[in-house]
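To start, the structure itself, in structure tokens.
Please read all numbers here as calculations on a predicted model, not as lab measurements.
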Amino acid sequence: MSVDYEERVDFARLRDYRLARAKASLDASECGAFLLFDFYNIRYTTQTWIGGALGDKMSRYALLTRSEDAPYLWDFGSAVRHHQLYSNWLPDDNCRPGMLGLRGGVAPSAGLMETAVREIKGLLEDAGVADLPVGMDIVEPPFLFEMQRQGLKVVDCQQLMLDARQIKSQDEIMLLSQAAAMVDGVYQDIVEILKPGIRENQIVAHASKRLYEMGSDQVEAINAISGERCNPHPHNFTDRLIRPGDQAFFDIIHSYNGYRTCYYRTFGVGSSTPSQRDAYTKAREWMDASIEMIKPGVSTAQVAEVWPKAEEFGFDNELAAFGLQFGHGLGLGLHERPIISRLNSMKEPVELQEGMVFALETYCPASDGFSAARIEEEVVVTANGPQVLTLFPAQELFVANQY
């Protein structure tokens with residue numbers, strides 16, 4: 001929350017920072033404009049948001065040109081009128097109704113895409129950049145074909161937008177910290193209700209309710225995994241009844257003012273076994289070793305190197321084990337830069353920079369053949385080393401409602 005008597009998040013400063021980063025990326029590129037369909041790039045540049053149900057429908061889009069100070073935004077129906085009333089950093093004429101077909105629900109032959117591209121091309125001509133390439137992040141094939149048919153050269157700008165988004169401002173870090181604080185509280189709730197007889201989906205329901213009560217704007221996913229489901233990691237939840245002695249782990253992915261968490265914790269239910277505790281100790285050692293590496297100038301290859309190879313914990317290769325010993329940038333998107341793993345970081349390492357924020361994840365299967373430990377910490381790269389945002393205790397295996 002924001003108050004008048006303490007400096008917390010300055011949303012005007014946040015908006016200015018994000019747009020300036022995107023504009024700088026555009027100006028340094030070969031492009032005359034960026035045409036953005038990625039929901040997170042749209043929010044980053046226009047500072048607008050509407051319901052998550054439209055996030056995969058490819059009907060919202062934004063145009064950022066070299067010569068215009070503010071982006072253009074095409075949005076869904078009455079949301080345009082809402083932006084004109086409340087998003088006063090955008091000129092009214094820059095907020096326009098748009099509809100391209102809802103991922104094929106309206107066929108391209110209806111002409112919506114043709115009309116939209118003609119409007120976009122006119123704006124590019126007005127801005128004097130129609131002869132330069134147009135950078136696009138994601139696109140439906142019929143829209144791409146229509147851009148090309150009308151003589152526009154399209155190139156990729158997702159890499160450029162991810163470059164812009166990877167260094168977080170003080171306001172972004174504050175929002176990421178606040179989002180993590182909400183999950184801290186949810187884990188306190190979970191350990192109080194984590195008893196035999198409760199189902200995985202009941203825990204997911206309770207966690208979702210608490211997050212929305214605390215102000216979450218999107219609960220993207222919650223993994224709830226227990227007992228024999230822990231190994232191999234299925235990345236989901238079911239209606240399984242939790243039993244005495246289970247090892248159980250959870251991942252809570254939600255956003256506060258757009259900024260996401262990815263936050264695993266592992267628990268014993270009532271008791272724990274030596275096998276479960278040994279697995280947890282190994283996962284914690286791998287986690288601590290990677291956190292210790294976090295400082296400006298270190299490469300992502302050096303971080304990935306401290307984690308075990310896939311073959312050392314039961315997998316044939318790094319592709320089969322991807323996402324288990326893993327790091328990923330956090331921000332408006334769940335998987336931003338840098339992506340850290342043995343799969344990619346050894347080939348194309350990225351240098352850590354002050355202001356990066358990412359999640360580090362480790363996983364260790366237990367010797368009993370079915371239990372496993374999963375730990376995740378969110379980390380800010382600072383000049384003085386790592387700052388951990390995820391504060392629910394995780395140095396040792398936490399046994400909930402111990403017998």
**Study point:** Pairwise side-chain contact, Phe34 with Met161, heavy-atom cut-off 4.5 Å (strictly under)
**Key:** yes
Point to revise | Minimum heavy-atom distance Ser275-Ala366, with the two atoms named | key: OG-CB, 3.4 Å
Practice item. Look at the aromatic rings of Phe267 and Phe250 and report parallel, tilted or perpendicular, splitting at 30° and 60°. Key: tilted
Check your understanding: Hey, are the side chains of Leu397 and Ser272 touching, using non-hydrogen atoms and a 4.5 Å cut-off?
Key -> yes
Review point. Is a side-chain N or O of Arg260 found less than 3.5 angstrom from the main chain of Gly258, in a donor-acceptor match?
Key: yes
Review point. Hey, are Glu312 and Lys309 close enough for a salt bridge, meaning a charged N less than 4.0 Å from a carboxylate O?
Key: no
Exercise for review: Applying side-chain hydrogen bond (donor to acceptor under 3.5 Å, both in side chains), run through Asn236 and Arg229 and close with a yes or a no.
Suggested key: CA-CA 10 Å; Asn236 60 10; Arg229 299 186 64 248; 2.3 Å; yes
Review point. Do Asp189 and Ile203 come close enough that some side-chain heavy atom pair is under 4.5 Å?
Key: no
Below 3.5 Å, can you tabulate the donor-acceptor pairs from side chains in residues 94-114 to any protein atom, sequence neighbours excluded?
unit_1	atom_1	unit_2	atom_2	d
Asn94	ND2	Ala70	O	3.4
Asn94	ND2	Pro71	O	3.0
Arg96	NE	Asp93	O	2.9
Arg96	NH1	Glu119	OE2	2.8
Arg96	NH2	Asp93	OD2	3.1
Arg103	NH1	Asp56	O	3.2
Glu114	OE2	Arg118	NH2	3.0

Practice item. Taking only Lys NZ, Arg NE, NH1 and NH2, and the carboxylate oxygens of Asp or Glu, determine whether Arg13 and Glu7 approach each other closer than 4.0 Å. Key: yes
Exercise for review: May I ask you to decide if Phe37's main-chain N or O and Asp137's side chain share a donor-acceptor pair within less than 3.5 Å?
Suggested key: yes
Review point. Got a sec, which residues hit salt bridge (charged side-chain N to carboxylate O under 4.0 Å, His left out) with Glu305, two or more places apart in sequence or on another chain?
Key: none
Check your understanding: Checking side chain to side chain contact (heavy atoms under 4.5 Å, CB included) for the pair Leu26/Leu160: CA distance, chi angles, key distance, verdict?
Key -> CA-CA 8 Å; Leu26 171 59; Leu160 300 171; over 6 Å; no
Point to revise | side-chain hydrogen bond (donor to acceptor under 3.5 Å, both in side chains) assessment of Thr238 paired with Glu200 | key: CA-CA 6 Å; Thr238 69; Glu200 291 174 356; 2.8 Å; yes
Check your understanding: Which heavy atom in Thr46 sits nearest to a heavy atom in Ile42, and how many Å separate them?
Key -> OG1-O, 2.7 Å
Review point. Do Phe326 and His328 have their ring centres less than 6.0 Å from each other?
Key: yes
Review point. Between Asp246 and Arg240, is the closest basic N to carboxylate O distance under 4.0 Å?
Key: yes
**Study point:** Closest non-hydrogen atom pair, Arg265 against Ala394
**Key:** NE-CB, 3.4 Å
Check your understanding: Which word best sums up how the rings of His82 and Tyr86 line up, parallel for under 30°, tilted for 30 to 60°, or perpendicular for over 60°?
Key -> tilted
Point to revise | pair Glu30-Pro133: side-chain heavy atoms closer than 4.5 Å | key: yes
Exercise for review: Please work out whether the ring planes of Phe392 and Tyr187 are parallel, tilted or perpendicular, with thresholds of 30° and 60°.
Suggested key: tilted
Review point. Are Gln387 and Thr382 close enough, and set up right, to give a side-chain hydrogen bond (donor to acceptor under 3.5 Å, both in side chains), and what steps lead you there?
Key: CA-CA 7 Å; Gln387 175 193 352; Thr382 78; over 6 Å; no
Practice item. Kindly compute the distance separating CZ (Arg374) from CG (Leu324), expressed to the nearest 0.5 Å. Key: 5.5 Å
Review point. Is there side-chain contact between Ser371 and Gln276, with heavy atoms separated by less than 4.5 Å?
Key: yes
Point to revise | Centroid-centroid under 6.0 Å between Trp286 and Tyr363 rings | key: no
Check your understanding: Under 3.5 Å, is there a donor-acceptor pair linking the side chains of Ser341 and Asn344?
Key -> yes
Review point. Side-chain contact, heavy-atom cut-off 4.5 Å: Phe237 with Ile222?
Key: no
Exercise for review: Ignoring hydrogens and angles, tell me if any N or O in the side chain of Ser345 forms a donor-acceptor pair with the backbone of Arg342 under 3.5 Å.
Suggested key: no
Check your understanding: Charged N to carboxylate O below 4.0 Å: is that the case for Lys23 and Glu68?
Key -> no
Practice item. Salt-bridge test for Arg165 and Glu172: reply yes if a basic N is under 4.0 Å from a carboxylate O, no otherwise. Key: no
Review point. Are any non-hydrogen side-chain atoms of Arg60 and Trp74 less than 4.5 angstrom apart?
Key: no
Review point. Salt bridge or not for Arg284 and Glu377, using N-O below 4.0 Å?
Key: yes
Check your understanding: So, are Lys282 and Glu285 salt-bridged, with charged N and O less than 4.0 Å apart?
Key -> no
Check your understanding: Testing Ile294, Ile173, Leu330 for side chain to side chain contact (heavy atoms under 4.5 Å, CB included) with Val380, which one passes?
Key -> Ile173
Review point. Relative to the ring of Tyr61, is the ring of Phe143 parallel (under 30°), tilted (30 to 60°) or perpendicular (over 60°)?
Key: tilted
Point to revise | Donor-acceptor pair, side chain of Tyr403 and main chain of Val269, under 3.5 angstrom | key: no
Practice item. Would you kindly say whether Asn257 and Gln178 are connected by a side-chain donor-acceptor distance under 3.5 Å? Key: no
Review point. Are Phe39 and Leu54 close enough, and set up right, to give a side chain to side chain contact (heavy atoms under 4.5 Å, CB included), and what steps lead you there?
Key: CA-CA 9 Å; Phe39 236 44; Leu54 293 166; 4.1 Å; yes
Exercise for review: Determine, step by step, whether Asp217 and Ser255 satisfy the side-chain hydrogen bond (donor to acceptor under 3.5 Å, both in side chains) criterion, reporting the C-alpha distance in whole Å, the side-chain angles of both residues, the deciding distance to 0.1 Å, and the verdict.
Suggested key: CA-CA 6 Å; Asp217 54 22; Ser255 69; 2.3 Å; yes
Practice item. Can you see which heavy atom on Tyr263 is nearest to which on Ala180, and at what distance? Key: CE1-O, 3.6 Å
Review point. Closest approach of Ile291 and Pro386, non-hydrogen atoms and distance?
Key: O-CG, 3.5 Å
**Study point:** Steps toward side chain to side chain contact (heavy atoms under 4.5 Å, CB included) verdict (Phe313, Cys364)
**Key:** CA-CA 7 Å; Phe313 60 101; Cys364 185; 6.0 Å; no
Practice item. Ignoring hydrogens and angles, tell me if any N or O in the side chain of Asp184 forms a donor-acceptor pair with the backbone of Leu391 under 3.5 Å. Key: yes
Revision key, fill the gap. One should read off an interatomic distance between Lys295 NZ and Asn384 CG, to the nearest 0.5 angstrom, of 11.0 Å
Check your understanding: Side chain of Lys121, backbone of Gln150: donor and acceptor closer than 3.5 Å?
Key -> yes
Practice item. Measure from the side-chain N and O atoms of Tyr212 to the backbone N and O of Val219, and report whether any donor-acceptor pair falls under 3.5 Å. Key: yes
Point to revise | Any Gln325 side-chain heavy atom under 4.5 Å of Glu361 side chain | key: no
Review point. Any donor-acceptor pair under 3.5 Å linking the side chain of Thr300 with the backbone of Pro349?
Key: no
Point to revise | Evaluation steps, side chain to side chain contact (heavy atoms under 4.5 Å, CB included), between Ile167 and Arg21 | key: CA-CA 9 Å; Ile167 304 300; Arg21 292 276 302 181; 3.6 Å; yes
Point to revise | Donor-acceptor pair, side chain of Ser216 and main chain of His254, under 3.5 angstrom | key: no
Revision key, fill the gap. Heavy-atom closest pair (Ala359 atom, Glu376 atom, distance to 0.1 Å) is CB-OE2, 3.1 Å
Point to revise | Thr48 side chain vs Arg43 backbone, donor-acceptor pair below 3.5 Å | key: no
